[in-house]
Amino acid sequence: MKSTVEQRGYRFGPERRVRKKREYDEILGANRSRSDGRLIVFLAERSIAGEAETERVTPPSRLGLIVGRKVGHAPRRNRVKRLVREAFRLLQHELPAGLDIVVMPRPEAAKDLTLTEVQESLKRLVQRPLPAPRARKKKYGRNKSSKNRS
RNA sequence: GGGGGAGCGGAUGGUCGCGGCCGCCUUCGGGUGGUCGAGGAAAGUCCGGGCUCCAAAGAGCAGGAGGGUCGCUAACCGCGACCGGGUGAAAGCCCAGGGAAAGUGCCACAGAGAACAGACCGCCGAUGGCCGUGGCGCCUUGUGCGUCGCGGGACAGGUAAGGGUGAAACGGUGGGGUAAGAGCCCACCGCCGGACCGGGUGACCGGCCGGGCACGGCAAACCCCCUCCGGAGCAAGCCCAAGCAGACGGUUGCCUUUACGGGCACGGCGUGGCUCGCGUCGCACUCCGUCGGGUAGGGUGCAGGAGGCCGACGGGCCCCUCGUGGUGAGAUUCGCCGCCACGAAGUGGAAUGACCAUCACCGCAGGGCACGUCUCCGCGGUACAGAACCCGGCUUACGCUCCCCCCACC
RNA sequence: GGGGGUGUAGCCCAAUCGGUAGAGGCAAGCGACUUAAAAUCGCUCCAGUGUGGGUUCGAGUCCCACCACCCCUA
């Protein structure tokens, strides 16, 4: 991860995606969301549990997607996900680093989105500074037993 | 206008990206070059299989599925051809298309009658009564008897042709016949039977002979006959890592053997409905069973082909299908055909893309204008839809193109 | 992905064996009682059975296809 600063490309590999159900639960459980007419965005500071050695560089932000069945059939859901991924990829140097961002498009607006619209919404919703972490409201706590054990 | 079949599923270029495999480089983070990367339905999950596990996949019962014939197939509720039936003017389309004289059950309402049926209206009333009347005969001259007629009514009775009811009324049409009618008789059609003749692998078809007809419908009602089906499913299963918490039950019998062991019985469990049979355990505590607790990470399964051969089990060779490129004959070109080379999605918070330009196709209507659609400019659109172990089908959704057939008009 | 189930008035839910069209309750409306309301009583209204075919004389019921929703599954 030493080449983060000089790496100016627009790559979008697996290190920039949220991949585990546990990670999704943590990000949604932080319950810091904001939305506009198109998107709902959940934000969390990126946890660095795995890295034991001290890191002086903040890791890049990661993207996660939730596109429900109300958006439409599979090709339409794929289209929405690809648009959001592309917007994140092109904006990755303008957005703040060290965040986990989970994007959930609104079903009613997801019918006919364009790339520029998604870019606008994403930039506006993510670039504002984070509010203080609030208490978790167990709204998305599907596995509360595991949470209580830990 | 109607009907049948086949094909395609936008093209090219640019910029920025994603995933697999191979080669090279690497400071092991990655870089770089090449190559491949959604569908005809990938869909619904409606059938059939492969594969995996249940030790093996056995028998019977139950349950389920299929049902004209002959082929194709690994198999099928699939496909093809044919047979029979229905429908349409035709091309064509549709058919769960075995059995209703093995049995059980059902056929509401209406209607006279609904399953070895029935007589409401109507028709008739030949025959026998009844009433009226005419002729003849008898003697006991009467409101007489007998006999032969005519007429009437419709009492007994005959009838099932017609009306009417119904989804369905115990063959149809025509003629004869009759009091009126009726397969009562006859002709043709239909139906039934035949161990018959001819054709066909067969379903069946054609004929011949016999029978006046006896046999309503429903089996997507129970059922009978024939055929097929053990159960679960890639979240199957196998390996690694991580993690948790254990508790309870089982401590047999007989025979045989010096003993190991074997046999029978009994009990638990498994064989995902039951029985048999089979397997397994029964002094093992490292075994069997019941209940409870933990994990949701990684790898593999995992990829042209349900073709073949060989293998020292790592794989190799050949064949087939499709794609791309090259080449040969022919040809104006393309395609078809032959040969050679290379290739054959494999994700998994889930890749196969995003944006732009030009072209193609379709539509809109404003301007130009020959007033119709040519094209220049403008605007909008380009269907249905996304692999999740794989394959063969079915069904459903959907844009366009082409070919063929039938009918009508010119 | 795989396996299974359900669908009848606005809501909950009945309908022997298929029988000519659907019971009940809540809700709604009207009336009575009441000063008014609640409760109660009476009356009324509301379905063509998720959709489309087929079998049958006749289908909510039997069969097939499709649609929507729900549940289970390492």
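Computed from a prediction, not measured in an experiment: that's the story for all the values here. Residue numbering restarts at 1 for every chain, and letters A, B, ... go by the order of the sequence lines.
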Let's test this: given Watson-Crick or G-U wobble pairing with both distances under 3.5 Å, identify the partner of U295(B). none
With rounding to the nearest 0.5 angstrom, report the CG to CG distance, Leu39(A) to Leu113(A). 7.0 Å
The nucleotide from A296(B), C355(B), A350(B) with an atom nearest the side chain of Arg85(A) is A350(B)
Measure from the side chain of Arg79(A), starting at C-beta and using heavy atoms only, and say which of C355(B), A38(B), G298(B) lies closest. C355(B)
Please state whether the base of G349(B) and the side chain of Arg62(A) form at least one donor-acceptor pair under 3.5 Å? no
If you measure from the C1' atom in G207(B) to the same atom in G194(B), how many Å do you get, rounded? 14 Å
What's the closest nucleotide to the Leu90(A) side chain, out of C16(B), A296(B), A38(B)? C16(B)
Looking at the side chain of Arg69(A), which of A296(B), G386(B), C69(C) is the nearest nucleotide? C69(C)
Out of Arg17(A), Gln92(A), Arg85(A), which residue meets the side-chain contact (heavy atoms from CB on, under 4.5 Å) rule with Leu63(A)? Arg85(A)
Please state the P separation for the pair G380(B) and C46(B) - nearest whole angstrom. 45 Å
If we only count heavy atoms from C-beta on, is the Glu23(A) to Asp100(A) side-chain gap below 4.5 Å? no
Starting from C1' on A242(B), measure out to CZ on Arg22(A) and report it in whole angstrom. 11 Å
Which base sits across from A387(B) as a Watson-Crick or G-U pair, both distances under 3.5 Å? none
Enter syn or anti for the glycosidic conformation of A303(B), syn applying to angles within 90° of 0. syn
Take atom P in A221(B) and the same atom in C64(C), then report the distance between them in whole Å. 12 Å
Tell me the interatomic distance from Asn78(A), atom CG, to G349(B), atom P, rounded to whole angstroms. 14 Å
What integer number of Å spans the P atoms of C94(B) and G60(B)? 41 Å
Among C355(B), C16(B), G386(B), which is the nearest nucleotide to the side chain of His73(A)? G386(B)
Between G158(B) and C186(B), how far apart are the two C1' atoms, rounded to whole Å? 25 Å
Side-chain contact check for Lys20(A): nearest option of G297(B), U352(B), C355(B) is G297(B)
So what does Arg76(A) hit on the nucleic acid, given a heavy-atom distance under 4.0 Å: a base, only sugar-phosphate, or nothing? nothing
Anti or syn - G200(B), cut at 90° from 0: anti
Both distances below 3.5 Å, Watson-Crick or wobble geometry, any strand: find the nucleotide opposite C138(B). G144(B)
Gap between atoms CG and P, on Leu91(A) and C355(B) respectively (whole Å): 14 Å
Rounding to a whole Å, what distance do you find between Tyr24(A):OH and G348(B):C1'? 13 Å
Could you check which of A354(B), A351(B), G386(B) has an atom nearest any side-chain atom of Pro75(A)? G386(B)
Does G293(B) sit syn or anti, given that only angles within 90° of 0 count as syn? anti
Nearest heavy-atom pair of Arg32(A) and Ala44(A): which atoms, and what distance? NH2-CA, 3.9 Å
Its glycosidic angle compared against 90° from 0, A38(B) adopts the form syn
In Watson-Crick or G-U wobble terms, with both distances under 3.5 Å, the base opposite U15(B) is A354(B)
Let me know the distance between NZ of Lys81(A) and C1' of C18(B), rounded to the nearest Å. 14 Å
Side chain of Ile66(A) only, please: which of G349(B), G386(B), G353(B) is the nearest? G349(B)
Separation of the C1' atoms in G66(B) and C116(B), to the nearest angstrom: 38 Å
Does the side chain of Arg38(A) reach to within under 4.5 Å of the side chain of Val118(A), using non-hydrogen atoms? no
Distance, C1' atom - from C337(B) to C24(B), rounded to whole angstrom: 42 Å
CD of Glu117(A) versus P of C355(B): gap in Å, rounded? 12 Å
Are any of the side-chain heavy atoms of Val126(A) and Leu91(A) separated by less than 4.5 Å? no
Between A350(B) atom P and Arg77(A) atom CZ, what is the distance in whole Å? 13 Å
To the nearest angstrom, how far is Phe42(A) atom CZ from G349(B) atom C1'? 15 Å
At what distance, to the nearest 0.5 angstrom, does CD1 of Ile66(A) lie from CE of Met104(A)? 6.0 Å
Is a side-chain donor or acceptor of Arg77(A) paired with a backbone partner of Gly72(A) at a separation under 3.5 angstrom? yes
With both distances under 3.5 Å as the test, what is the Watson-Crick or G-U wobble partner of A41(B)? none
Using only modelled atom types and a 3.5 angstrom limit, is any donor from either the side chain of Arg89(A) or the base of C16(B) paired with an acceptor on the other? yes
With syn defined as a glycosidic angle within 90° of 0 and anti as the rest, where does G183(B) land? syn
Examine C18(B): is either OP1 or OP2 under 4.0 Å from a nitrogen or oxygen in the side chain of Arg82(A)? Give yes or no. no
Between Leu83(A) and Ala74(A), which residue's closest nucleotide on RNA chain B lies nearer the 5′ terminus? Leu83(A)
What interatomic distance, in whole Å, is found between C1' of A119(B) and the corresponding atom of U165(B)? 14 Å
